[in-house]
Amino acid sequence: MEYKLLATDLDGTLLSEQREIDIENIQAIQEFRQKGGRVVICSGRSPLSTRWIANTIGLQGEPIIAYNGAIILDENGEISEQAVFDHDHLLSFWELCEGESIYAHFYEGDTLLVPSETKWNKNWIENNIPALEKTGGKVEDRESFRGQCQVKMVEDIYQYIKSNQPDITKIAVFDEDGKLSDFTKLIGEQVEGMEISSSFNFLNLEISPSGVSKASSLLKLSEKLNIPISKIAAIGDNYNDSLMLTAAGLGIAMGNAPDEVKALANQVTGSNQEAGVAQAIRRYLLK
C-alpha cells in the first residue's frame, strides 16, 4: 500500500452527527490495519475521550493525538509528549476575557476548569465520553471513563492559575454575539504563546500553546514510528485539520467540510453521515 498510516479526526469525520461511528467506517479501518496499515486518532478531544473511542472501535495499541496536538499518547495510552501554556500568558489571556466579557474554559488533563455553569459546559462529561451505543460501546466501560472526568468550578480563574500553576493544554472560547472575530485579533495583539487552531465560522475558538497543532504532532509521530510523512494520509473536516491535511502525503477532506478546507485537500470524500472515512479508505488507501 502506498500509505502506511491514516490520521483521522473524530467530530465531523469519524463520528456522525449522532456521535456514533458507522459500522462501515470500523470495517474499513480494520481492513486497512489487517493489510499492515496503522490508524491514529488525531482530535481536539481529551485523552480519555480519544482512548474511549479508540478502544470501542478496536484501535487499542495505536498511538493517539489529543487536544489538537498538545498531547500524544503512546501505544499503551500513556502520555509520551505534552505541551502546556506559559502561566503568564494564561493570566494575560484571562484578563482579556474578563475585559471583553468573553466566556472561556480550560483543560487541565481530563479535568475541565470552568468559571461558571453554562450550556457550553453543563453536559461536558457526557459529551466528552459519548455513549457510542450503536457503535458497540459497553455501558460499564463508558461509566468507568466518565468517572475519570471532572468538571471543576473555579470562581477565580486568575487566582487559581497564579496559585496552582496548572498544566493547561487547551482552551475553548464560546460566544453568541459575533465577537470572536475581533477577539481573535485581540489575542494576537495582546497575548503571547497562543495558537488558535480552530475557528468554525467564529462560533467557537480552540486555542493551543504556540507552535502546537495536529500537524506538528503528526510530524513528531511520523519520526517516532519511522513512517515518512509522504506515506501518511490524513482525513478531517474542519479548520483545525487544515495544517494536517496539507502536511500529510495525502490530505482528504470530508464532504461536510467548509469549502476552504476542501480546497486545501488532495481529495474529497463523502460526508460523516455517509461513512466518508470508509469511502476514502477503500478508494485511496486499500490499493
Side-chain angles (χ1 to χ4, degrees), residues 3-14 38-47 49-51 53-54 59 62-75 77-87 89-90 93 106-110 167-173 184 187-188 191-200 204-254 257-258 260-261 263-266:
Y3 300 100
K4 308 296 182 188
L5 185 148
L6 172 64
T8 178
D9 173 51
L10 289 177
D11 292 277
T13 301
L14 199 56
R38 302 196 68 170
V39 178
V40 170
I41 286 173
C42 199
S43 171
R45 284 177 170 266
S46 74
S49 181
T50 51
R51 277 180 50 216
I53 293 167
L59 286 181
E62 295 283 19
I64 289 171
I65 295 172
Y67 283 153
N68 289 324
I71 288 180
I72 300 176
L73 302 178
D74 64 17
E75 287 84 350
E78 302 295 327
I79 294 174
S80 64
E81 291 210 28
Q82 176 172 277
V84 299
F85 289 97
D86 179 277
H87 295 112
H89 298 161
L90 286 173
F93 173 79
F106 302 80
Y107 298 79
E108 181 183 8
D110 285 288
D167 287 338
I168 303 296
T169 48
K170 177 183 164 183
I171 303 168
V173 183
T184 299
I187 295 171
V191 183
E192 295 179 29
M194 300 205 164
E195 187 106 13
I196 299 174
S197 58
S198 177
S199 171
F200 190 70
N204 73 287
L205 307 176
E206 291 186 359
I207 305 175
S208 304
S210 186
V212 170
S213 67
K214 292 183 179 183
S216 66
S217 287
L218 189 58
L219 286 164
K220 288 179 181 177
L221 210 52
S222 166
E223 291 181 16
K224 280 187 178 182
L225 300 177
N226 198 26
I227 300 174
I229 196 71
S230 61
K231 299 294 183 183
I232 293 178
I235 185 165
D237 76 302
N238 214 329
Y239 297 106
N240 62 335
D241 299 311
S242 298
L243 288 174
M244 178 175 77
L245 297 184
T246 55
L250 177 66
I252 306 165
M254 296 296 291
E260 299 95 320
V261 175
L264 295 170
N266 303 108

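- Atom CD1 of I171 and atom CD of E195 lie 12.5 Å apart (nearest 0.5 Å).
- Residues A234 and A248 come closest through the heavy atom pair CB-CB, 3.7 Å.
- With D86 contributing its side chain and H89 its backbone, the two residues share a donor-acceptor pair below 3.5 Å.
- The two residues M244 and A215 have their closest heavy-atom pair at N-CB, 3.7 Å.
- Summarising the geometry of V261 relative to S242, their closest heavy-atom pair is CG2-OG, 3.9 Å, with the distance given to 0.1 Å.
- Between D237 and T13, the side chains place a donor N or O and an acceptor N or O closer than 3.5 Å (distance only, hydrogens not considered).
- Residues passing the ring pair (Phe, Tyr, Trp, His ring centres under 6.0 Å) test with F93: none are found, sequence neighbours excluded.
- Closest non-hydrogen pair, G69 versus S217, comes out as O-OG, 2.5 Å.
- Looking at every heavy atom in both residues, A66 comes nearest to S46 through CB-C, 4.0 Å.
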Open item on the list: For E75 and R38: C-alpha separation, side-chain torsions, deciding distance, then whether salt bridge (charged side-chain N to carboxylate O under 4.0 Å, His left out) applies.
Closed with: CA-CA 11 Å; E75 287 84 350; R38 302 196 68 170; 3.5 Å; yes
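- Between F85 and the options I207, V212, D167, a side chain to side chain contact (heavy atoms under 4.5 Å, CB included) holds for only I207.
- The backbone N or O of V84 lies less than 3.5 Å from no partner atom in the side chain of T169, so there is not a single donor-acceptor pair.
- Between E81 and K224 there is a salt bridge, since at least one side-chain N of the basic residue sits less than 4.0 Å from a carboxylate O of the acidic one.
- Of the candidates T50, N68, D11, R45 forms a side chain to side chain donor-acceptor pair (under 3.5 Å) with just one, namely D11.
- For the atom pair CE (M194) and OG (S210), the distance works out to 10.0 Å, reported to the nearest 0.5 Å.
- Heavy atoms only, all atoms of each residue included: P258 and Y239 are closest at CB-OH, 3.5 Å.
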Open item on the list: Would I41 and I65 count as a side-chain contact (heavy atoms from CB on, under 4.5 Å) here? Give the steps.
Closed with: CA-CA 6 Å; I41 286 173; I65 295 172; over 6 Å; no
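- Checked against S43 for a side chain to side chain contact (heavy atoms under 4.5 Å, CB included), the options I53, N240, L10 give a single hit: L10.
- Side-chain contact between V39 and T8: present, with at least one pair of heavy atoms (C-beta onward) separated by less than 4.5 Å.
- Between the CG atom in L245 and the CG atom in N238 there is a gap of 10.5 Å [rounded to 0.5 Å].
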Could you list the donor-acceptor pairs under 3.5 angstrom formed between side-chain atoms of residues 225-233 and any protein atom two or more places apart in sequence or on another chain?
none

